[in-house]
Amino acid sequence: MIEAVLAQASIFKKIVEALKELISETNIDFSEAGISLQAMDSSHIALCNLLLRDDGFKSYRCDRALTLGVNLNSLSKLLKCAGNDDEMRIFANDDSGADQLNFSFESANSERVSEFSLKLMDIDADSVDIPDMDYQAIIDMSSSEFSRIIRDLSSVGEAVSIDATKQGVKFSSAGDAGKGSILLKHQKSVDGDSALATSIEINEPVSHSLALKFLSSFAKAAPLTDRVSIHMTEDVPVMFEFKISEIGHIRFYLAPQIDD
Amino acid sequence: AQAQGKIGEFFPLG
């Protein structure tokens, strides 16, 4: 038996919206430690890693670790049946092999309870070991600013160059019709009065050129949190981390370009 | 010339 209760369905709805453009089907792992998933996009250029810790749920029970395969488009449709403020219960019974994942949504005044279930699927997916790394540069910035920059530069070109120095981070793109760039200067302290401030921890200047279509997908996670951190080292995948308050994170990894 | 890398070229398959 697995059973996880989230105080607000809206968090899970936003998570699925953040993932479904990049990934159509994924295995979800349930364990004593919580719920996690790792999946690559169909081209194996981007990797997504979600973690929801057990103690971030209103209640959490997992008698035996289970891996359940879901179609994220179907899950997204199902979650549209939940009110944002509904309490959401996810449960599955593994006595005879789980073939469906069940959801119940209870309104704040407890007067309405709806129940839905999602058929599970067998998914044979490659998984990778993500090494712990010290990055050369970590940019911490507003997630809405990140979304805006990606949207603005997508009107100019197909790739963005992200150049991080001690002074700031510059996003630039060029295409047939022209070019554009946005420079965000490093602020010494990110406090409550400067929600849009950017801070950069850096050992040495780093630059990456990345496809904007993947970053547009990653930006779908912006509604989950006010901040995003971009972790960069030359010649290794760039990691974009969106922390989900009190419960976990979504991390996206994007493979860099390599010399032919 | 540069080509787009894949995740599996950087992280070992688990």
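Quick caveat: nothing in here was measured; it's all calculated off a predicted structure. Convention: sequence-line order gives letters A, B, ...; per-chain numbering from 1.
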For atom [atom1] of [X], decide whether the heavy atoms of other residues, nucleotides or ligands shown that lie under 6.0 angstrom number more than 12.
X: B/Glu9; atom1: CD; result: yes
X: A/Lys13; atom1: NZ; result: yes
X: A/Glu32; atom1: CD; result: no
X: A/Asp55; atom1: CG; result: yes

Counting only non-hydrogen atoms closer than 4.5 Å, does A/Asp126 touch chain B with its backbone (N, CA, C, O), its side chain (CB onward), both, or neither?
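The side chain, not the backbone.
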
When rounded to the nearest 0.5 angstrom, what distance separates CG in A/Leu47 from NZ in B/Lys6?
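It is 14.0 Å, given to the nearest 0.5 Å.
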
For the residue pair A/Val128 and B/Leu13, what are the closest heavy atoms and their distance?
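A/Val128 and B/Leu13 have their closest heavy atoms at CG1-CD2, 3.8 Å.
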
Shortest non-hydrogen contact from A/Ala255 to B/Gly5?
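Nearest heavy atoms, A/Ala255 then B/Gly5: CB-O, 3.4 Å.
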
Would you say the rings of B/Phe11 and A/Tyr253 are close, in the sense that their centroids are separated by under 6.0 Å?
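Close enough - the centres of the two rings lie under 6.0 Å apart.
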
